[in-house]
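These numbers come from the heavy atoms of this one structure, side chains and all, not from hydrogens, waters or symmetry mates.
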Amino acid sequence: MNLTAEQAWNVCGYVRLSREDGDKDESNSVTGQKDLIRDYLSRHPELRECGMKVDDGYTGSNFDRPAFHEMMAEVKAGKINCIVVKDLSRFGRNHLGVGEYLEQLFPFLGVRFIAINDHYDTLHSNVESDELVIPFKNLVNEAYCRDTSVKTRSQLEIKRQRGDFIGSFAVFGYRKDPEDHHRLLVDDYAADVVRDIFKWKLDGISAGDIACRLTKDGIPTPMDYKRSQGMRYSTAFRVKEESTWSAGMVLRILKNPVYIGVLEQGRVTTPSYKVKRLVRKPREEWAVVENCHEPIIDRYDFESVQKVLALDTRTSVSGTAVELFSGIVYCGECGSAMIRKTVPSGKKRYVYYVCSAHKNEKSCSAHSMRIEALDEIVLVALKKHIRDVIDLSNLLELTDTAQLQQASVKKLQVRLSKKQEEIDRNQALLRSLYESLADGVIDREEYHDLKKTYSRRRTEAEEQAEAIQAEIDKEMASFNEERGWMAQFRKHQNITALDRAIVVSLIERVLIFRDRRVEIVYRWHNEFRWETDLLLQAQGLLPEKEAV
């Protein structure tokens, strides 16, 4: 369609601003663009303003913008026949998309297009020069967008790797430091809610019941709490005016390591600066940094909760909490899970743990144990183990630290010495190769093959020696650190009865054998054995070869 100067022009000004595209100049602000467009219209009386569309915060790399779609709808409805922008980059930075609009769609619809700073007006265009200059400007605009995207991505990755928080909103339980928005501070009110959620989960309450309890107590959801603090927070999950807690919300909190001071960022990305579809990255590509901020939850409690979430958390008969030993009791004969079986006898009901393999397939013996007997056995054994751990902790504190350090690294030093011998041996073989070649013992082909083999073995031994030395350095550096796992047992030294939190915090599994023997595998059992052998070795009561 041909455009004529006598035609009446109903103009829509279009304004776009995006920090992603590097639009930081004051002249690119929404107000600056509007003023420029209106000043231009005031000097051209034939252009009548019929609207001003603004996309604030939208990239120019694609045309998926709400105000742009509204403008095009009015164009197609015949309400607008002229579009004015500050420059071509405000219209878009995708050179193919911009070219399609300018060269095909707008001429077809009879739309006049004006880019003020680029001195481009389709009514007065020079076909020959514009066919060269305009596509080139669009390419430059797109290249600028791509370059800015690359720089932005690299800057964000640097911030993630050094532990800066780069999220738009702080995680529930924290708030952004007013003086440094990349640092998280504990939000006392929300942090108390998070602590309650973890405590209830350790007590055996399901995520659904925790959500119901929070809703009943009138605790605002993370989204409602952010909004109550004056934050402009929105999410696709919001479906009601006032949202309610759900099991999913609770589980997201329970699984988030941010509450032990760990930042996991960079979980998702976009394929390119043009495609804004989110793609989940492999876990090994996440930016994970520890000790970034003050933890809300103790690390051992967090690990216990992760263990609980992985167990078979079958609820009790009352339906309010998880059974005491749920997901922890196994058959000592075949390794299958032991399951609860209720046997009525008159007016009484007896509860037993029986082997699931026998119950379902008869592939194991028919051994069982009453739950009350198991409770008593585990309580007595746990009390004894707690006393043993406390005694070990006290003895370690009284033992000479230098002795313990020496015993701790002695095996590693022996391994390092053997690796050094292996390095020297291969080095000697390499030196003797040339003599063997000169004496005619081996030919040149054998010489090169053997040289390659001995060099490879020497390099592997050197790398292994470096790894052992690093392990020794780490052992020496961390030796004096607090044995936190011992403190987990010490804080339960006065227990008189078992509860779900104690069981999942201190016990890995309980094994029941056909002779009614019960074997308990405690958490940190390897550490307990290692520390015990280390103490005995340091005191000269355990030969070095027996140390673990």
Side-chain angles (χ1 to χ4, degrees), residues 173 194-211 213 247-262 264 283 286 288 290 295-316 320-332 335-340 353 356 371 374-375 377-379 381-383 385-386 388-389 482-493 495 497-512 518-531:
V194 171
R195 293 187 187 101
D196 286 341
I197 290 173
F198 275 84
K199 177 182 178 299
W200 292 335
K201 188 59 191 175
L202 284 174
D203 289 340
I205 302 175
S206 69
D209 288 338
I210 291 174
R213 179 177 295 190
M249 294 179 191
V250 172
L251 288 173
R252 282 194 291 274
I253 289 175
L254 291 173
K255 294 178 180 179
N256 197 339
V258 72
Y259 298 114
I260 57 174
V262 177
E264 290 184 347
R283 187 175 184 85
W286 296 0
V288 181
E290 299 198 10
I296 292 175
I297 303 299
D298 178 82
R299 180 177 290 272
Y300 294 103
D301 288 341
F302 183 83
E303 291 173 353
S304 297
V305 167
Q306 305 318 300
K307 174 189 169 187
V308 167
L309 294 174
L311 294 176
D312 175 16
T313 52
R314 186 173 300 164
T315 56
S316 64
T320 57
V322 176
E323 292 290 351
L324 184 63
F325 296 112
S326 179
I328 291 177
V329 184
Y330 293 87
C331 173
S336 300
M338 300 284 282
I339 58 177
R340 288 167 52 91
Y353 271 105
S356 59
I371 192 169
L374 180 63
D375 192 330
I377 291 171
V378 173
L379 178 59
L382 181 57
K383 283 182 175 180
H385 187 70
I386 290 174
D388 291 342
V389 172
E482 180 184 2
R483 294 177 171 87
W485 67 272
M486 290 183 171
Q488 301 305 305
F489 286 94
R490 187 184 289 274
K491 69 183 182 182
H492 295 295
Q493 59 185 310
I495 61 169
L498 296 176
D499 59 37
R500 179 67 176 174
I502 291 175
V503 170
V504 297
S505 297
L506 303 182
I507 297 175
E508 285 284 354
R509 69 183 77 88
V510 176
L511 303 174
I512 300 177
V518 176
E519 180 180 316
I520 303 172
V521 181
Y522 298 99
R523 290 187 70 184
W524 304 289
H525 57 279
N526 288 330
E527 287 83 350
F528 177 77
R529 184 181 175 188
W530 185 84
E531 296 280 9

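The two atoms that bring I520 and A381 nearest to each other are CD1-CB, 3.5 Å, heavy atoms only. Minimum heavy-atom separation, I502 to A497: CD1-O, 4.0 Å. Minimum heavy-atom separation, L309 to K201: CD2-CE, 3.6 Å. Annotation for M338 and Y353: closest pair CE-O, 3.5 Å, computed over non-hydrogen atoms. Nearest heavy atom pair, residue L202 against residue S505, reads CD2-OG, 4.5 Å. Q488 approaches H492 most closely through the heavy-atom pair O-CD2, 3.1 Å.
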Trace of the salt bridge (charged side-chain N to carboxylate O under 4.0 Å, His left out) decision for D209 with R213:
CA-CA 6 Å; D209 288 338; R213 179 177 295 190; over 6 Å; no

Are W485 and V389 close enough, and set up right, to give a side-chain contact (heavy atoms from CB on, under 4.5 Å), and what steps lead you there?
CA-CA 10 Å; W485 67 272; V389 172; 4.1 Å; yes

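Rounding to the nearest 0.5 Å gives a distance of 8.5 Å between CG of D298 and OG of S304. Distance check: R500 CZ to D203 CG gives 10.5 Å after rounding to the nearest 0.5 Å. The structure places CZ of F198 at 9.0 Å from CG of D301, a figure rounded to the nearest 0.5 Å. Taking CD from E323 and CZ from R340, the interatomic distance works out to 3.5 Å, rounded to the nearest 0.5 Å. K383 contributes atom NZ, which lies 9.0 Å from atom CG of L498 (distance to the nearest 0.5 angstrom). Here L374 contributes atom CG and I328 contributes atom CD1; the two are 10.5 Å apart, rounded to the nearest 0.5 Å.
Checked by atom type and distance alone, the side chain of S356 never pairs as donor or acceptor with a backbone atom of I339 at under 3.5 Å.
For the pair V258/E264, no side-chain contact is recorded, criterion being any heavy-atom separation below 4.5 Å from C-beta on. For the pair R299 and V262, the minimum side-chain heavy-atom distance is below 4.5 Å. Contact annotation: the side chain of I260 approaches that of F302 to within less than 4.5 Å [non-hydrogen atoms, C-beta and beyond]. You'll find the side chain of V510 reaches within 4.5 Å of the side chain of V518, heavy atoms only. Residues W524 and Y300 have side chains in contact (heavy-atom distance under 4.5 Å, counting atoms from C-beta outward). Under the 4.5 Å side-chain criterion, counting only non-hydrogen atoms from C-beta, Y259 is in contact with I253. Residues I386 and I495 meet the side-chain proximity criterion, which asks for heavy atoms closer than 4.5 Å. Counting only heavy atoms from C-beta outward, the side chains of V503 and L382 never approach each other to under 4.5 Å.
Taking the six-membered ring for Trp and thresholds of 30 and 60 degrees, Y522 and H385 have nearly parallel ring planes, at less than 30 degrees apart.
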